[in-house]
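Structure, as structure tokens:
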Amino acid sequence: MLDDFVRALKEACRARYERAAGGDARAAKAEAHFFLSEDRMSAYACVLPPEDGGEGLGVEEFLEDMRYEGIQFGVLQEEVERELALGYLRIFPAARGRMPHPGEDGNVTELFQRSKNMSLLVQEGSQVDLSQDIQLLPIRKGAVICLIRAAKPGTDGMDVTGQTIPSPEPVSPVIPQGKNTVIGRGGQALTAGADGILYIKDDCFCVHEQKIIDGDLDQFQGTLQISGNLYIGGNVDGGVEIEASGEIVINGKVGRARVISMCGTIRVQQGIYGTKGKTSLSAAGQVQSPVIEQAQIEAGTGVIAETISNSSVRCGGTVYALSGRGMILDSTIRAGESILCLRVGNLAGGHSQFSVGYPPHLPESWERLKTELAEVQSTLERLWQFITDLRKKGNRISDGEKSVLDQLVEQRDLYIEKREALKNELKAVNKELDKKSKGRIRCEKLYPSLEVQIGRATETIETAEEACNIRVEESRMLFK
């Protein structure tokens with residue numbers, strides 16, 4: 001790059017020599033020569049020495065020469081002063097321009113992973129066909145779909161002649177905004193404009209408002225939350241979690257899933273075939289299903305089924321299994337009213353536990369309180385023994401033992417308070433359980449074994465029975 005400058009300097013030196021050789025005896029003062037890089041971002045200088053007693057070149061005069069050459073930005077004054085002090089015939093940088101600083105392109109960070117099959121076929125009304133193998137993405141109004149970073153302008157540069165060098169224009173982000181989505185948070189986010197299901201259409205995020213789902217529901221993570229009633233046309237499985245404020249009707253089967261109706265009834269048309277510990281249904285009203293297997297059921301008013309097997313059921317009302325097989329086997333059922341079925345158990349045997357006639361929490365509290373009270377009483381007896389043994393020492397008790405004794409007495413007093421509290425709580429529960437109940441267990445055939453609890457009355461049936469009408473009258477449990 002500096003080769004042209006070197007050649008120019010050589011020409012200037014030759015011209016000076018030829019002038020002197022031609023008889024020009026005038027003194028030649030020092031001369032500053034300048035060179036611009038092709039992009040005008042650098043200026044170089046070299047000072048030729050004076051001849052025949054000519055004058056030297058000061059810093060101020062050098063800088064003035066630069067200015068007249070049009071070099072006016074980025075002057076390296078300290079470097080100029082240092083170079084001039086070192087002598088002549090030295091090529092050095094005299095000025096340096098400022099490169100433009102690029103800005104930042106805008107970008108969009110998507111918070112939901114796209115899938116090539118992530119699409120929804122929108123039908124009439126609010127129906128959505130989910131028969132394709134897609135991942136359902138429920139979303140609430142205001143939830144952030146994408147984070148948006150706006151483009152930031154850069155800083156212009158300037159060459160050594162003072163000409164502006166524009167910074168490249170940053171690229172603005174392409175925002176994938178579709179139906180029912182809005183740009184919010186001061187332009188920094190794409191958010192859902194409505195409750196619904198997030199999907200992709202024409203490469204944009206959209207939200208479809210809907211409460212009816214056609215096809216299976218088994219491929220999304222998180223909890224699907226619906227305001228109002230919900231109809232699902234296929235199966236529910238794969239660890240799906242569903243919460244709806246109204247009625248839930250599932251036209252297929254339920255496998256591994258958690259389904260909650262906060263104010264309504266759950267109806268499963270083709271049966272609940274669950275996995276132990278991974279299938280639960282809870283409804284403020286009824287749970288209705290022809291088959292309930294390996295499931296945990298919570299129902300506010302009733303459970304209606306044809307078969308209940310290897311399940312746990314808590315129900316504020318009555319459990320019915322009076323059609324089809326009408327069978328309940330290997331299950332734990334607590335019903336606030338009654339259990340009415342055709343059969344309990346089967347020929348191969350098994351074991352079930354039934355509690356009827358009282359809200360499920362009462363017998364559960366009764367059992368818990370009795371267990372806790374027994375544990376507290378056992379602890380108190382041990383404390384009394386320790387305290388008695390230490391007190392027998394009388395004046396021979398050491399300071400350390402006296403400290404231990406004080407602590408034991410304090411613990412005893414606390415356990416006595418706890419015992420009294422548990423007794424009072426148990427007394428209140430007993431009072432509720434002593435109230436007359438119309439709860440009963442009625443079945444045509446009973447295979448052993450069955451544990452029965454009605455209030456505080458308990459019984460284990462180890463023999464096969466028929467035409468059972470198990471109930472409590474005058475504190476006695478009757479079976480026929």
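In this structure, the side chain of S172 does not engage the main chain of A151 through any donor-acceptor pair within 3.5 Å. A donor-acceptor contact shorter than 3.5 Å links the side chain of S289 to the backbone of V291. In this structure, S352 contributes its side chain and T332 its backbone to no donor-acceptor pair below 3.5 Å. Judged by distance alone, with hydrogens and angles left aside, the side-chain atoms of Q72 form a donor-acceptor pair with the main-chain N or O of T161 at under 3.5 Å. Here the side chain of S167 pairs no donor or acceptor atom with the backbone of D156 at under 3.5 angstrom. With hydrogens and angles ignored, the 3.5 Å screen pairs no side-chain donor or acceptor of S42 with any backbone N or O of S37. Judged by distance alone, with hydrogens and angles left aside, the side-chain atoms of T275 form no donor-acceptor pair with the main-chain N or O of R256 at under 3.5 Å. The closest donor-acceptor contact from the side chain of S331 to the backbone of L329 lies under 3.5 Å. Here the side chain of T181 pairs no donor or acceptor atom with the backbone of Q177 at under 3.5 angstrom. Panel note: side chain S365, backbone P363; no donor-acceptor pair is recorded below 3.5 Å.
Nearest heavy-atom pair across G274 and Q294 is O-CB, 3.4 Å. Of all heavy-atom pairs spanning A32 and D65, the tightest one is CB-OD2, 4.0 Å. Scanning all heavy atoms of the two residues, the minimum distance from Y358 to E432 falls at CE2-O, 3.4 Å. Smallest separation of non-hydrogen atoms from N180 and V207: ND2-O, 2.8 Å. Between Q270 and P290, the closest heavy-atom pair is C-CG, 4.0 Å. Nearest heavy-atom pair across V75 and A95 is CA-CB, 3.9 Å.
Side chains of I387 and L405 form a contact here, defined as non-hydrogen atoms less than 4.5 Å apart. Proximity of I272 to E293: side-chain heavy atoms (C-beta onward) are nowhere separated by under 4.5 Å. Residues N251 and V268 have side chains not in contact (no heavy-atom distance under 4.5 Å, counting atoms from C-beta outward). Within the 4.5 Å cutoff, the side chain of D237 has no heavy atoms near those of the D216 side chain. Side-chain contact check for E241 versus I260: every heavy-atom pair is 4.5 Å or farther apart. Proximity of I292 to V303: side-chain heavy atoms (C-beta onward) are separated by under 4.5 Å at one or more points. Between R368 and E372 there is a side-chain heavy-atom pair separated by less than 4.5 Å. No side-chain heavy atom of I226 sits less than 4.5 Å from a side-chain heavy atom of S245.
Here S280 pairs with R258, Q296 under the side chain to side chain contact (heavy atoms under 4.5 Å, CB included) rule; sequence neighbours left out. Looking at residues two or more places apart in sequence or on another chain, you find a side chain to side chain contact (heavy atoms under 4.5 Å, CB included) between T301 and Q286. Partners of A283 under the side chain to side chain contact (heavy atoms under 4.5 Å, CB included) rule, at least two apart in sequence or in another chain, are S261, I266, V287. By the side chain to side chain contact (heavy atoms under 4.5 Å, CB included) test, P359 is found to be paired with H361, L362, residues two or more places apart in sequence or in another chain being considered.
Ring-plane geometry between F62 and F34 is classed as tilted, the angle between the planes lying from 30 to 60 degrees on a 0 to 90 degree scale.
Sorted by first and then second residue, the salt bridge (charged side-chain N to carboxylate O under 4.0 Å, His left out) pairs involving residues 69-89 (not counting sequence neighbours) are E83-R90. The side chain to side chain donor-acceptor pair (under 3.5 Å) contacts involving residues 92-109 comprise nothing, where partners must be two or more places apart or lie in separate chains.
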Residues E367, K370; criterion salt bridge (charged side-chain N to carboxylate O under 4.0 Å, His left out); working and verdict = CA-CA 5 Å; E367 293 175 359; K370 287 198 304 177; over 6 Å; no

task = Could you walk me through whether K29 and E51 pass salt bridge (charged side-chain N to carboxylate O under 4.0 Å, His left out), step by step?
result = CA-CA 6 Å; K29 64 181 296 185; E51 294 181 358; over 6 Å; no

task = Assess whether side-chain hydrogen bond (donor to acceptor under 3.5 Å, both in side chains) is satisfied between N424 and E420, documenting all intermediate values.
result = CA-CA 6 Å; N424 290 333; E420 294 308 308; 5.6 Å; no

request  = Quick one: do Q377 and R419 satisfy side-chain hydrogen bond (donor to acceptor under 3.5 Å, both in side chains)? Show the steps, please.
outcome  = CA-CA 7 Å; Q377 185 60 40; R419 181 182 63 183; 3.2 Å; yes

inquiry  = T388 vs Q385, test: side-chain hydrogen bond (donor to acceptor under 3.5 Å, both in side chains). Steps then yes/no.
reply    = CA-CA 5 Å; T388 301; Q385 185 61 51; 5.7 Å; no

query = Going through the distances and angles, do E298 and R334 end up as a salt bridge (charged side-chain N to carboxylate O under 4.0 Å, His left out)?
reply = CA-CA 10 Å; E298 296 264 354; R334 294 188 183 277; over 6 Å; no

query = Could you go step by step and tell me if R7 and D3 meet the salt bridge (charged side-chain N to carboxylate O under 4.0 Å, His left out) rule?
reply = CA-CA 6 Å; R7 282 193 293 271; D3 290 345; 5.1 Å; no

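Classification of E364 and R314 as a salt-bridged pair holds, one side-chain N sitting under 4.0 Å from a carboxylate O.
Of the inter-residue distances, the one linking Y44 atom OH with F92 atom CZ reads 12.0 Å to the nearest 0.5 angstrom. Atom SG of C46 and atom CG of L89 lie 5.5 Å apart (nearest 0.5 Å). One distance of note links NZ of K393 with CD of E401; it measures 3.0 Å at 0.5 Å rounding. To the nearest 0.5 Å, the span separating CG on L390 from NZ on K402 amounts to 10.5 Å.
Of the N and O atoms on the side chains of E375 and S378, not one donor lies less than 3.5 Å from an acceptor on the other residue.
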